[in-house]
Amino acid sequence: MPIFSTRSSNNLKGIHPRLVRVLNAAIKTTPVDFIIVEGVRSLSRQQQLYAQGRTKPGPVVTYADGIKSRSNHQVHKDGYGYAVDLYPFINGRVELNADKELKIIAAHIKQTAAGMDIKITWGGDWKRPFDPPHFELMEEG
Ligand SMILES: [Zn+2]
C-alpha cells in the first residue's frame, strides 16, 4: 500500500484540506504509485513559469500570468492552494512520460473524489492547456 513520500507531503503543504483528503485516500488504493511534484506556487514562481515560452526559452506551460489571470496553484482568498501536479512513480523513478499510467491514476483519483462527494478537475480533460499532471479542487457553491 503506497504512502506519500516526504517530497509529496511537503508539496501538499498549504493545499486545501478537501483536496488533500482526496489524495490521501487515493494514494492508499492507487493501482499505480504517484508522487506530487508541485503544490502551492508563489507569485514569482508563477511568473517564472509564465515567462517560459514567451520571454524565456522552452514550451508554454501556463496561460496564467499570476496577476490578471491566477493559477489555481496560487493561494485563494481562503489561504489555500487548489491545485497539485503529480506523476507516476514507477520502480523508484518519477515518470514524466508515462501517459498510460497517468491516465490510470487520474481515473482512480476522479473515482476517489466522486466517492467522497468532492469535485475536482483533471488537466488531462482540458484542451488548452492539455495538462495531465494537473489536478485541481473546484470551488464550492
Ligand atoms: Zn498544475
Side-chain angles (χ1 to χ4, degrees), residues 2-141:
I3 54 158
F4 279 132
S5 60
T6 307
R7 182 174 171 191
S8 287
S9 300
N10 283 337
N11 285 326
L12 283 173
K13 282 183 189 149
I15 294 298
H16 195 289
R18 273 187 293 135
L19 183 54
V20 173
R21 242 163 53 218
V22 169
L23 295 167
N24 275 331
I27 192 72
K28 292 184 180 124
T29 50
T30 189
V32 180
D33 197 4
F34 60 88
I35 184 161
I36 294 161
V37 298
E38 188 152 9
V40 173
R41 261 179 216 159
S42 63
L43 173 60
S44 69
R45 166 82 177 137
Q46 184 63 36
Q47 288 174 325
Q48 225 171 51
L49 289 173
Y50 186 74
Q52 196 181 306
R54 295 185 175 88
T55 55
K56 300 252 172 68
V60 167
V61 289
T62 182
Y63 295 92
D65 67 8
I67 295 176
K68 271 181 272 169
S69 157
R70 289 170 60 86
S71 161
N72 272 315
H73 286 278
Q74 293 176 270
V75 293
H76 286 208
K77 286 199 190 82
D78 60 13
Y80 292 114
Y82 276 53
V84 297
D85 298 329
L86 59 88
Y87 284 103
F89 191 73
I90 302 165
N91 298 325
R93 292 178 43 158
V94 183
E95 292 290 346
L96 301 182
N97 297 305
D99 299 353
K100 200 182 80 192
E101 286 79 5
L102 191 48
K103 215 179 232 179
I104 292 168
I105 293 166
H108 174 69
I109 291 176
K110 285 199 255 184
Q111 195 184 32
T112 304
M116 300 170 85
D117 213 21
I118 294 174
K119 289 192 179 65
I120 61 161
T121 307
W122 178 41
D125 289 327
W126 298 342
K127 298 268 184 295
R128 182 180 179 274
F130 177 63
D131 192 4
H134 180 99
F135 293 81
E136 64 182 43
L137 179 68
M138 290 173 77
E139 294 263 18
E140 267 184 333

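These numbers come from the heavy atoms of this one structure, side chains and all, not from hydrogens, waters or symmetry mates. Whatever order the structure lists ligands and atoms in, that order sets their numbers, starting from 1. Here the structure is a predicted model, which is why all the values come from computation and not from measurement.
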Aromatic rings F34 and F4: how do their planes relate, parallel, tilted or perpendicular, breaks at 30° and 60°?
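F34 vs F4 ring planes: perpendicular.
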Please check: side-chain N/O of Q74 versus main-chain N/O of G66, any donor-acceptor pairing under 3.5 Å?
yes
Among H16, H134, E136, find the one that has a side-chain hydrogen bond (donor to acceptor under 3.5 Å, both in side chains) with N72.
E136
Roughly how far apart are D33 CG and E95 CD, rounded to 0.5 Å?
11.5 Å
Among T112, I104, I105, the one residue meeting side-chain contact (heavy atoms from CB on, under 4.5 Å) with H108:
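Checked T112, I104, I105 against H108; only one passes side-chain contact (heavy atoms from CB on, under 4.5 Å): T112.
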List nothing but the number: protein N/O/S atoms under 2.8 Å from the Zn ion (ligand 1).
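For the Zn ion (ligand 1), the figure is 3.
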Compute whether any side-chain donor of one residue and acceptor of the other, for D85 and H73, lie under 3.5 angstrom apart.
yes
